[in-house]
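Quick notes on the structure that follows.
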Amino acid sequence: MRLDLDLRATGQHVIDRGDFHVLFKALRRRGYQVVGPRVRDGAIVYDALDSVDDLPQGWTDEQDAGHYRLKRREDPALFGYVVGPHSWKKFLFPPHLRLWRARRNGDDPGFEVQPEPLPDTKYAFLGVRSCELHALFVQDRVFLGEKHADPVYKALRERAFLVAVNCTQAGGTCFCVSMRTGPKAQGGFDLALTEVLDGERHYFVVEVGSERGREVLQDVPHREASPQEVAQAEERVKQAEGQMGRTLDTRGIKELLYRNLEHPRWDEVAQRCLSCANCTMVCPTCFCSTVEDVTDLKGETAERVRRWDSCFSLEFSYLHGGSLRRSVKSRYRQWMTHKLATWIDQFGTSGCVGCGRCITWCPVGIDITEELRAIRESDGLTRGGGEEA
Amino acid sequence: MVPRPWRVVRVRRETHDTKTLELEPTEPLSFPFQPGQFNMLYVFGIGEVPISISGDPQEPHRLVHTVRAVGAVTRALCSLKRGDVVGVRGPFGSAWPVEEAEGHDVVIVAGGIGLAPLRPALHHVLANRGKYGNVVLLYGARTPRDLLYRKELERWRGRFDLQVEVTVDSAGEGWYGHVGVVTTLIPRADFDPAETVAWVCGPEIMMRFTVQALRERGVSPEDVYISMERNMKCAVGFCGHCQFGPEFVCKDGPVFRFAEIERFFRVREV
Amino acid sequence: MTAAKDLLAGHPFFRDLDERYLELIAGCGRNVKYNAGEYIFREGDVSDAFYLIRYGRVALEVHVPGRGPVVIETLNEGDVLSWSWLVPPYRKQFDARALTLVRALAFDGECILKKCEEDPRLGYELLRRFIQLVGRRLQATRMQILDVFGQGK
C-alpha cells in the first residue's frame, strides 16, 4: 500500500466549533479509536481521547533548541500548538511489540513457533500535521517495501483514519517549508481541518481527502464553506508559512554530506552530544529497532519482543567483540547523514520532514539545521594540519 | 518472518572454536539458495544471529552452517548436538555473481571464517568447471589448526583444474606450507588480471589489503566482490542495524561489488 | 651468465632496468642449491649476498629459546631473499632455511655495491626496488601483528 500523494482535496466545508464533538461520535460509530493531542506532564502528547474536552483547548507551546514550554493562549483554540514529543509512529510502529512465542514440548528438543495475531485496531488520528503526514509517507516506504512488509504496520496503517490539521502558526524549531512538507496538508488524509478563530466566530474549514472522509463528514453537521471562510483559512496557513523558526538549505544535500564525512564539525558536535538518543525517539521517521529473546524460568516458552532502538547506543553497531561506531562523533554522523543523505539513496526521499522535534528535545540544544549550515559553509574542510603562516 | 524448526543431523568440529552444523527440515521442504546468502539461526530462548550458508547449492534439502563461537548465541549454536532443533529464517541477501563470472578467471580470497560463505560459490564453480577460466583459491588463516574444511581443502588441492594456496600467519613445527598474510599469495597466483573476477571474504582489514594487492596486479575494483558483516536483527531492512552508508548489508548485501561501496569502505566507523 | 641475465630481464623485480645494468648484476651472480633443511644463512651472519629463488620454498625463521625456530614468513619461487646486504651493519636479521630443495641465483653483495658506488644511478635503481620490497614485507608483518583472524578486535 502506498498512499496517493496526488490525491487532491475536493470541495470545502465548514464545521462550527459547537458541532465539533459530533466528529468523535461519527468516528467512534465506525469503530475507530480516536487518538490525538492532550496535555500530560507539561507537554502535548498523543493518546486516546474520550471527547473533545480532552483536546488541549487554549494551550500553545513555546519551542527552541533544547526548550519546550506549554503556555496559555488568549483564545480557546483546540489546535493552537505545534507538535510535541510524541509522533504517530508510536501507534503504527509500537515501541514495544511481541513478535511471536515459541513453546517446547517436554523433553523433545523441538519447539513450535506461534506468530502473534495481527492487530485489528482501527485508529482515527486526530490532528495530524502536514509534516507528520509526510513522516507517515516516509515510514510507509520503510515498512511497506515491495519485497518485505511489516505486517503489523501494514494492518494498522491500512485501517487508520487520518484527520489532518493545517498549521496556522509555526513553532520556533519548525522548518517544514525548507523540507517542502508543509504547513498545508496536500493529500494522503481523509479529512483536513483548518481552525479559524475570528472574533466571536470559531470554526473549521474542512477538506475531504477520501471517500471514507466524505462518509464521516456526512455524519457531522456542516455546510459549504463561503469564499471568505476559505480565504480566512488560507491566510492563516500562509501566516504559518512565514513564521518558520528554522531553515535548512537542501541543495545538493546528499553529495554535500557524502563528501564531508571527515569534516571537523563532526568532532565539534560530538563534544556536545550526550548520545542520549532523544532525537531518535522523538523523530517521526526514525525506525530502528532491536529484538529481545526471552524465556520463562522453566525454559518451556520463549518469546521475541521488538522494541525501539537508537543508532546512538554503543550496542547498536556491536559486532563480535566490539562496537563499530565507538565514538560519539561516528554515531551523530550516522544519524544525521542517514536522515539527510543516505535516506535519499535508500528510499528516494529525505528522512527529515522539518518538524523540529530533534532540536527541541535535545537536552543540549543541538540543532540539525545549524550543523548542516556549518558544514555547508566550510564544505570540504578537513581535519587539522597545514601550512604554517 | 518467524523461524522454522530444522533438526541438527550432523556436527563437525572444524577448529577449537568453530563447528559445522548440518540441518534437515523437520517437515519436507526444499530450500533453494544462492552462494553467498545467509540465514538467521535461532537458538530457543537465547537469540538469533546471521550465519552464512556454507553448503552446496545443488543440495537444497540440507543446510550447512559453519559457526564460530564468539558470542552468546554462537556459543549456544556450537554446543548443539545431533537431534537438537534450531530455528531458521532465510535465505537472505545478495549472492556471489557466479553466472556473471562465467568465461572469466575466478580468484577466491578467503581469510579465517571468511571461507564459509565462499564455499558454496566454489562448489558452484567446480560443478560448472567448464564455464570458467583459471580458478584460484587463496586462503589465509591464523595457524594451521584454524583451517576450515581441512579434508576438502586437501581434496581440492589434488585437482588439476584448481590452484589452491593456503597460508597461515603463524606456524608451528610440522607445517610446510606458506607462512605470511594472505595478500602475499596474490602475486604468485595464476590468473589474467584483465579477465578476472575476484570474490573476497574475511575481516574488513584483510579485505582492504586484499583489494589493494589485487589492484596492484591489475584487477579492477569493478571486478572485485566482497562480503560484508554487520549487526543484524531483522534481516529484511527494517531494524536499521546493518546500515553501511546507504546500504543495508542484510538486503543490499552481504555481497557487494567493491567499486560500489569503496567510498564508504574507506571511512572509519561508518 | 646469459641465462641469469634473461631471468632478470623477465623478473618483475628488475622490470624496466637498463640492459647494461642487468648485465652488471648478472655478472655478480652464481647458481646455488640447498637441500631441504639446510640453512641458506643464519641470523648474525655477515650479509654479503641476496638471492632470487628459482625453485622451492624458504622459511625465514627466528630462534626463540624454549620455543625453537618460529617461522616468520615463507618465500617462494620468484621471491627476492635478503636486503640486509645493501645497508650497514650488513648482518642477516633472520635464519633462512630451505623447506624443500631450493635452487636460486645468489648475487655477490660486495660486487654489486662496488658497481653502485661507481654508478649511483644503478645504486638508486636498486635501492628503489629494495625499498619497495622492504615496504611490502613491513606491511605484511604489521598485518600479522594485528592478528586479524584472532578473537575480538
Side-chain angles (χ1 to χ4, degrees), chain A residues 99-100 102 104 108-115 142-143 145 147-151 153 254 258 261-262 286-296 299-304 306 309 311 315-321 323-327 329-331 333-334 337-338 341-346, chain B residues 1-8 26 40 42-49 68-74 80-87 89 92 113 203-204 228-252 263-264 266-270:
Chain A
L99 297 177
W100 46 258
R104 193 159 238 181
D108 181 10
F111 53 86
E112 217 173 292
V113 181
Q114 299 155 325
V142 175
F143 290 124
K147 213 168 148 209
H148 298 284
D150 177 344
Y153 183 92
K254 193 180 88 178
Y258 282 3
L261 294 171
E262 305 287 6
C286 271
F287 59 84
C288 288
S289 64
T290 187
V291 291
E292 281 165 5
D293 287 289
V294 288
T295 47
D296 63 354
E300 280 170 2
T301 61
E303 60 180 47
R304 175 168 302 168
R306 181 185 78 183
D309 201 1
C311 53
E315 301 76 51
F316 189 84
S317 61
Y318 184 87
L319 194 62
H320 44 77
S323 232
L324 295 179
R325 295 189 201 106
R326 299 169 81 94
S327 67
K329 164 195 154 176
S330 69
R331 282 175 264 149
R333 182 182 66 187
Q334 165 61 23
T337 49
H338 185 214
T342 53
W343 208 297
I344 298 170
D345 274 337
Q346 292 170 348
Chain B
M1 293 284 283
V2 301
R4 276 181 159 169
W6 286 62
R7 198 169 294 276
V8 178
T26 51
M40 298 297 287
Y42 168 71
V43 184
F44 186 84
I46 297 188
E48 197 183 46
V49 283
R68 184 178 180 197
V70 283
V73 184
T74 48
L80 291 177
K81 307 263 179 308
R82 187 186 147 91
D84 285 344
V85 174
V86 291
R89 292 194 295 135
F92 298 114
I113 188 115
E204 265 177 52
M228 295 284 295
E229 193 181 10
R230 280 293 180 272
N231 189 345
M232 283 179 200
K233 299 292 179 192
C234 75
V236 291
F238 293 159
C239 79
H241 282 256
C242 69
Q243 285 179 86
F244 178 69
E247 315 289 348
F248 288 93
V249 172
C250 70
K251 60 173 185 160
D252 303 320
R263 175 182 216 174
F264 289 91
R266 293 150 69 101
V267 181
R268 287 171 200 183
E269 294 188 278
V270 149

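Letters A, B, ... mirror the listed sequences (proteins, then strands); counts begin at 1. Any value given below was found using the heavy atoms of this structure, including those in side chains, with hydrogens, waters and symmetry copies removed. What you see is a predicted model, and the numbers here were worked out from it, not measured in a lab.
Heavy-atom distances place the backbone of B:Arg268, and not its side chain, under 4.5 Å from chain A. Interface remark: B:Val8 contributes no atoms to any contact with chain A (heavy atom separation under 4.5 Å).
The most heavy-atom pairs under 4.5 Å with chain A, out of B:Gly45, B:Cys234, B:Gly71, come from B:Gly45. The candidate from A:Ile344, A:Asp150, A:Asp108 with the greatest count of non-hydrogen atom pairs under 4.5 Å with chain B is A:Asp150. Taking chain B as the reference chain and counting heavy-atom pairs below 4.5 Å, the highest number among A:Arg326, A:Glu303, A:Gln114, A:Arg104 is found for A:Arg104. Among A:Leu99, A:Thr290, A:Val294, A:Val291, the residue making the largest number of heavy-atom pairs under 4.5 Å with chain B is A:Thr290. Annotation: maximal heavy-atom pairing with chain A below 4.5 Å, among B:Asp84, B:Val270, B:Ile46, B:Thr26, occurs at B:Val270. Contact count versus chain B (heavy atoms, under 4.5 Å) is highest, among A:Trp100, A:Tyr318, A:Phe143, for A:Trp100. The choice from A:Arg304, A:Lys254, A:Glu112 that makes the most heavy-atom pairs within less than 4.5 Å of chain B is A:Arg304. Ranked by heavy-atom pairs under 4.5 Å with chain A, the first of B:Met1, B:Lys251, B:Glu48 is B:Glu48.
A:Phe111 approaches B:Val86 most closely through the heavy-atom pair CZ-C, 3.9 Å.
Residues satisfying the side-chain contact (heavy atoms from CB on, under 4.5 Å) criterion with B:Asp252, sequence neighbours excluded, are B:Glu247, B:Phe248, B:Phe256. Residues satisfying the side-chain hydrogen bond (donor to acceptor under 3.5 Å, both in side chains) criterion with A:Asp296, sequence neighbours excluded, are A:Thr301.
With salt bridges taken as basic N to acidic carboxylate O contacts below 4.0 Å, none links A:Arg333 and B:Glu269.
The environment of B:Arg7 atom CZ is dense: over 12 non-hydrogen atoms of other residues, nucleotides or ligands sit within 6.0 angstrom.
Using cut-offs of 30° and 60° for the angle between ring planes, the A:Phe287 and A:Trp343 rings count as perpendicular.
A side-chain contact (heavy atoms from CB on, under 4.5 Å) with B:Cys250 is found for exactly one of B:Met228, B:Met232, B:Arg230, B:Gln243, namely B:Met232.
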